[in-house]
Amino acid sequence: MWLSRSVRVSLLPSIAKVPPFLPIHNSFFCSHSHSQTSLHDEAVSQFNRLLHQRHVPPIFEFGKILGFLVRMKRYPTAISLIKQMELKGILCDLANLSLLMNCFCHLDKLALAFSVFGKILKRGYHPNAITLTTLIRGFCDKGEVKEALILHDKVVALGFLLDQFSYGTLINGLSKIGETEAAIKLLRIQGRSTVMYNIIIYSLLKEKQSKEAYDLYSEMVINGISPDLVTYTTLFYGFCLVGQVKVAFGFLNEMLSNSIRPDVYTYNILIDALCKERKLGEAKNVLCVMVKTYVKPDIVSFNTLIDGYYLVNKVMNARQVFSAITHMGVSPDVRTYNIMINGLIKNERVDEAINLFQEMHNRNIVPDTVTYSILIDGLCKTGRISRAWDLFHEMRGRNQQADIVTYNSLIDGLCKNHCLDKAIELLRKMRENGVQHDMYTVNILIHGMCIEGRLKNAQEIFQDLLNKGHSPNLYTYNIMINGLCREGLLDEALALWSKMEDNGCLSNVITFEIIISALFENGQTEKAEKFFHEMISRDLLK
DNA sequence: GTAGGGTTAG
């Protein structure tokens with residue numbers, strides 16, 4: 001029970017009185033929010049009214065609508081409206097043009113953004129920090145942080161002024177490519193803000209560097225920068241991620257005692273944490289608390305809960321939540337279907353999963369790489385290789401790129417269904433398509449070689465791995481040790497086991513199972529018992 | 001009116 005007392009008190013009030021979750025007919029859920037489409041259409045027609053007025057309205061009236069469209073991420077619309085403005089002879093101001101640049105950046109058209117920047121200069125407008133930050137972000141979003149830094153140096157040399165947002169954007173770019181040290185340096189030179197700290201703390205936690213994240217959090221407090229909702233939510237998320245659940249809840253409590261109210265992100269992370277701990281009852285109650293406290297659950301809340309139910313094999317509950325989503329005024333998305341399909345497959349209901357896959361088409365939800373990967377994996381694992389191949393070809397026809405996970409599933413399926421040569425052929429194709437193999441691929445292939453009795457080939461791949469300076473992981477070792485045992489090469493297997501432990505790769509229960517049963521089969525009872533006791537003393541039999 | 005941070009799936 002790690003929901004601490006204070007969390008219970010302030011976050012989960014009167015759980016007992018919360019009505020059953022399904023179905024909830026709460027006016028809160030049914031509040032008539034306009035659909036995205038109708039709001040978009042309304043904005044466009046208002047814009048057109050402005051455009052056709054006898055006297056040109058003040059320019060910021062246009063800007064208001066454009067800004068709204070950008071917030072709705074309707075970039076192509078905003079671009080076309082600005083074009084119409086200019087065609088009508090209404091001159092855009094710096095804000096409009098900065099917004100236009102922003103749209104191009106979001107559509108991954110950096111060159112066009114720069115041409116707008118050229119227009120800004122030509123018209124004699126003085127680019128402000130917003131204009132420049134937009135370009136910096138354009139580079140950063142593409143991962144071209146170096147270019148962003150060069151641009152920064154140039155504009156500073158030219159005397160343009162940047163602000164906290166510009167540096168926040170650079171810090172974000174650096175953090176996202178793993179350059180957290182550089183990000184911290186920039187933070188210390190260019191002033192500190194809550195957001196800057198939040199960005200770096202998040203990156204550190206994503207990389208599981210929880211100590212560094214904690215230190216940075218302490219530093220921010222010492223410097224008098226107040227942690228906010230995002231700081232606490234990030235810390236809560238990150239410490240759950242590294243399994244330090246107590247610390248995580250400590251942050252959640254601290255947030256609540258600072259009178260910062262959780263929002264939908266915080267709640268969703270809480271639901272996920274409870275689900276991962278298999279506490280589905282509590283997770284469901286959190287959803288009820290959200291409703292009670294007027295934080296509207298979104299599609300992530302439902303997706304998370306559905307995934308949680310599948311994790312504990314509660315197919316019925318998962319289905320109930322799935323069918324309740326629409327009643328709550330929320331639309332299922334591609335992830336909802338992916339989670340459902342995955343859950344059904346893991347619960348041995350492949351046919352139902354395929355039905356849902358077909359339902360996606362009716363609902364106009366486009367299956368993505370993950371959808372196909374899940375299905376291909378499920379079909380392979382149930383021996384339906386040819387159906388998996390069909391899907392593999394279908395996804396290409398629908399412009400969904402197979403990625404490393406897709407390939408790995410199919411290669412694994414081929415290996416396990418005695419089509420090793422086809423698997424190797426697919427590996428070649430994968431490389432041709434520019435997809436690099438990973439540790440899973442290597443393990444799948446080594447395993448495939450071993451079960452086909454091609455131990456020599458397996459050893460070659462293993463040696464190749466070592467030669468290239470990669471380190472095998474626990475699974476690689478287990479597969480190799482198992483392969484050696486199968487061929488009766490017990491001494492070699494034990495030698496590899498020692499090597500593995502020397503390399504700091506600790507055995508798990510599977511490793512011991514492989515070795516112990518091989519020793520027993522070979523009549524080496526005494527040695528087998530020694531390993532058995534070693535396993536017990538390492539507390540691996542939990 | 002324009003800009004930076006946090007959540008779910010294989």
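Sequence lines set the chain letters: A, B, ... in the order given, protein chains first and strands last, and positions in each chain run from 1.
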Partners passing salt bridge (charged side-chain N to carboxylate O under 4.0 Å, His left out) against A:Glu181 (at least two apart in sequence or in another chain): none
Tell me which residues in residues 366-382 of chain A lie within less than 4.0 Å of DNA chain B, going by non-hydrogen atoms. A:Asp368, A:Thr369, A:Val370, A:Ser373, A:Ile374
If the condition is salt bridge (charged side-chain N to carboxylate O under 4.0 Å, His left out), which residues does A:Glu219 pass it with, not counting sequence neighbours? A:Arg188, A:Arg192
Have a look at A:Ser166 and say if it touches a base, only the backbone sugar-phosphate, or nothing, with a 4.0 Å heavy-atom cut-off. nothing
Can you check the A:Ile130 CD1 to B:dG1 P distance for me, whole Å? 12 Å
Name the atoms and distances for all side-chain donor-acceptor pairs under 3.5 Å in residues 56-72 of chain A, with sequence neighbours left out.
none

Pairs flagged by side chain to side chain donor-acceptor pair (under 3.5 Å) wherever residues 233-245 of chain A is involved - sequence neighbours left out: A:Lys206-A:Tyr237, A:Ser210-A:Gln244, A:Thr233-A:Thr266
Would you classify A:Tyr237 as touching base, sugar-phosphate or nothing, given that sugar-phosphate means primed atoms plus P, OP1 and OP2, and contacts are heavy atoms under 4.0 Å? sugar-phosphate
Is it the case that B:dG1 (base atoms only) and A:Asp93 (side chain only) share a donor and an acceptor within less than 3.5 Å, ignoring hydrogens and angles? yes
With sequence neighbours excluded, residues passing side chain to side chain contact (heavy atoms under 4.5 Å, CB included) with A:Thr194: A:Asn198, A:Met220, A:Ile225, A:Asp228, A:Thr231
Heavy-atom nearest pair, A:Ser409 first then A:Ile376, reads CB-CG2, 4.4 Å
Verify stack between A:Phe60 ring and B:dG1 base, 5.5 Å, 30 degrees: no
